[in-house]
Enquirer: 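Okay, here's the structure, questions in a sec.
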2 protein chains.
Amino acid sequence: MSPPDSTDVRPLYAKVRGELVERIRSGVWKPGQLIPSEFEIAAEFGVSQGTARKAISALAAERLVMRQQGRGTFVVEHTPAHVLFRFFNMFDADGELITPDSVDASATVARANASEAAALRLDAGADVVRIARVRTRRGSPFIRESIALPHQLFPDLAQTPKLPNTLYDLFQKSYGILLVRTEDRLSAAAADPDTAAALGLAAGAPLLRIERLAFGLDARPIEWRVSLCHLRAAYYLARS
Amino acid sequence: MSPPDSTDVRPLYAKVRGELVERIRSGVWKPGQLIPSEFEIAAEFGVSQGTARKAISALAAERLVMRQQGRGTFVVEHTPAHVLFRFFNMFDADGELITPDSVDASATVARANASEAAALRLDAGADVVRIARVRTRRGSPFIRESIALPHQLFPDLAQTPKLPNTLYDLFQKSYGILLVRTEDRLSAAAADPDTAAALGLAAGAPLLRIERLAFGLDARPIEWRVSLCHLRAAYYLARS
DNA sequence: CAGTGGTCTAGACCACGTG
DNA sequence: ACGTGGTCTAGACCACTGC
């Protein structure tokens, strides 16, 4: 990333943090792996334990690592359960997190259209992987969504025979891409005929529309996703 | 709040933080006021500067205070601009924060109905202040919302002649109640005839429904608000 | 028991804003 | 020049985990 130079005026702990992030981004430290202790990191970078601690604490606040007293610090591992808890924000009327299933997922490669290229900041002519799917809860469809990803980062994703329900763990394990931040833009929309048919509704029914942009470690947009949701008594929860 | 006792096993910085929170909650430190320096707080509580610093940093992370290098630390002041930036999450298609106006606001006092009592955790028979209003942008109505507040906390609010556009600054300045956290539950709904008329729409038009619960310093729900929004190209932004 | 993260101290120097 | 918050150090002890 940015090489150390004499004009770098960032605090020491920020530089150490940057080096640690790079090790996670590049895969030197794998998902779920135990990283060195505060003292070892301090010794390696020639800083005090307090400074190493501040760098690691920053990573913990960004949820790139998990600290456990007495055990050590581990690179975050995007298991399906973790991904749902962290990135899926829909709850039932009784406050229970919804765990959706995914059916009918199909992935294709195509030239990015204008909105995809703009959302993912792609060069003209770049390809995207498109995923279209319907998600169900207790057997009945409630979300229809379409996803676009830069083809360059996911070269053989469209050939994957059976796409899993949660994608972000696949992104981390198979493609080395860790999603760390999302921006969801929410609005309401009337169901178009296709979506109404897919969700078993009358055309014109009100749907929650979620347009999500997910970002990776280098702050680049990795995923663009539009979800049309028929929530019944459920809701999307946004905190603070 | 919780008196110091010998079985209190919280870390020192957490106890100091609690004392500082109490000073803000009780109004000993007023909105916008400069609080003592790290060294003064450290001396007062008999801890080191590092521990006082950690307590104050926790308050800054919760956005109860604002730190400014070279100037000092100030109790957060909920000005209208600050409240919009912090608690209003709607943006125009071009990414600009929407600054709504408020018209037709009316406040009344009534016995809490079942949903109000449940949301605000009120005792049976308690009263609420109800505010109903329509919010406009550039002259055209786009949000119809109804708000419920515990009457006990806002005894004379219903007599206030002209309610301001942003309420949370009024809550802090006139009633000493600082809102620190919100939970927004979002869904889609078809416009009922009344709402459609208020917003100039056809009945059945899809609206974004936002049900907000806002919490004060003692983690008690203070405000329950239901907003029905006709956003056109605008959206509600939820980060991470 | 050894090793880890979590807390706490005492002191130093720096960067910034104000008078 | 002074006082503020921001960084950094070196060392101590505690609480928890796993052998």
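Each chain gets a letter, A, B and so on, in the order its sequence line appears, and its residues count up from 1.
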Enquirer: Looking at B:Arg71, I'd like to know whether one of its side-chain N or O atoms comes within less than 4.0 Å of OP1 or OP2 on C:dT18.
Expert: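 Yes, B:Arg71 has a side-chain N/O under 4.0 Å of OP1/OP2 on C:dT18.
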Enquirer: Closest to the A:Tyr13 side chain: D:dC8, C:dT9, D:dT17?
Expert: D:dC8
Enquirer: Is a salt bridge present between B:Glu145 and B:Arg133, judged by a nitrogen-to-oxygen distance below 4.0 Å?
Expert: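 Here B:Glu145 pairs with B:Arg133 in a salt bridge, since their nearest N and O are under 4.0 Å apart.
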Enquirer: Choosing from C:dT7, D:dG18, D:dT9, which nucleotide comes nearest the side chain of A:Ser48?
Expert: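 Among C:dT7, D:dG18, D:dT9, the one nearest the side chain of A:Ser48 is D:dT9.
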Enquirer: Rounding to an integer number of Å, can you tell me how far B:Met66 CE sits from D:dT4 C1'?
Expert: 16 Å
Enquirer: Does B:Thr51 make a side-chain N or O approach to OP1 or OP2 of C:dT9 shorter than 4.0 Å?
Expert: yes
Enquirer: Calculate the interatomic distance between B:Leu34 atom CG and D:dG3 atom P; express it in whole Å.
Expert: 14 Å
Enquirer: In whole angstrom, what separates A:Phe45's CZ from D:dT9's P?
Expert: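 Those two atoms, CZ and P, are 13 Å apart.
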Enquirer: Which whole-number value in Å describes the distance from B:Arg10 CZ to C:dG6 C1'?
Expert: 16 Å
Enquirer: Between D:dG5, C:dG5, D:dC8, which one does the side chain of A:Glu38 approach most closely?
Expert: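 Given the options D:dG5, C:dG5, D:dC8, the side chain of A:Glu38 is closest to C:dG5.
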Enquirer: Can you tell me how far C1' of C:dA15 sits from CG of A:Leu12, to the nearest Å?
Expert: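 Going from CG in A:Leu12 over to C1' in C:dA15 covers 15 Å.
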Enquirer: Looking at B:Arg138 and B:Asp101, is there a salt bridge between them, counting it only when a charged N and a carboxylate O are closer than 4.0 Å?
Expert: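 B:Arg138 and B:Asp101: not salt-bridged.
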Enquirer: Mind running ring-ring contact (aromatic ring centres under 6.0 Å, His included) on B:Phe171 and B:Phe154 for me, showing each step along the way?
Expert: CA-CA 8 Å; B:Phe171 293 175; B:Phe154 302 91; 4.7 Å; yes
Enquirer: Tell me whether the OP1 or OP2 atom of C:dG5 has a side-chain N or O from A:Arg53 closer than 4.0 Å.
Expert: no
Enquirer: Using whole Å, report how far CD1 of A:Ile35 lies from C1' of C:dG3.
Expert: 15 Å
Enquirer: When the distance from CD of A:Gln68 to P of C:dG5 is rounded to whole Å, what number comes out?
Expert: 11 Å
Enquirer: Side-chain N or O of B:Arg67 less than 4.0 angstrom from OP1 or OP2 on D:dT4?
Expert: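 So the side chain of B:Arg67 is outside the cut-off, no N or O lying under 4.0 Å from OP1 or OP2 of D:dT4.
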Enquirer: Hey, what are the protein-to-nucleotides 11-15 of chain D N/O distances that come in under 3.5 Å?
Expert:
unit_1	atom_1	unit_2	atom_2	d
D:dA15	N3	A:Gln69	OE1	3.2

Enquirer: The side chain of A:Glu40 is closest to which nucleotide in this list: C:dT4, C:dC8, C:dG5?
Expert: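 Among C:dT4, C:dC8, C:dG5, the one nearest the side chain of A:Glu40 is C:dT4.
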Enquirer: Please determine whether a side-chain nitrogen of the Lys or Arg among B:Lys30 and B:Glu77 lies less than 4.0 Å from a carboxylate oxygen of the Asp or Glu.
Expert: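 Here B:Lys30 does not pair with B:Glu77 in a salt bridge, since their nearest N and O are not under 4.0 Å apart.
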Enquirer: Looking only at side-chain atoms of A:Val47, point me to the closest of D:dG18, D:dT9, C:dT7.
Expert: D:dT9
Enquirer: Between B:His82 and B:Tyr168, is the ring centroid distance below 6.0 Å?
Expert: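 No: the rings miss the under 6.0 Å criterion.
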Enquirer: Could you tell me if the side chain of A:Glu40 sits less than 4.5 Å from the side chain of A:Gln49, heavy atoms only?
Expert: no
Enquirer: When rounded to the nearest 0.5 angstrom, what is the spacing between CD1 in B:Ile41 and CD1 in B:Ile56?
Expert: 3.5 Å
Enquirer: Look at the side-chain N and O atoms of A:Lys54 and state whether any lies under 4.0 Å from the OP1 or OP2 oxygen of D:dT7.
Expert: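 For D:dT7, OP1/OP2 do have a side-chain N/O of A:Lys54 under 4.0 Å.
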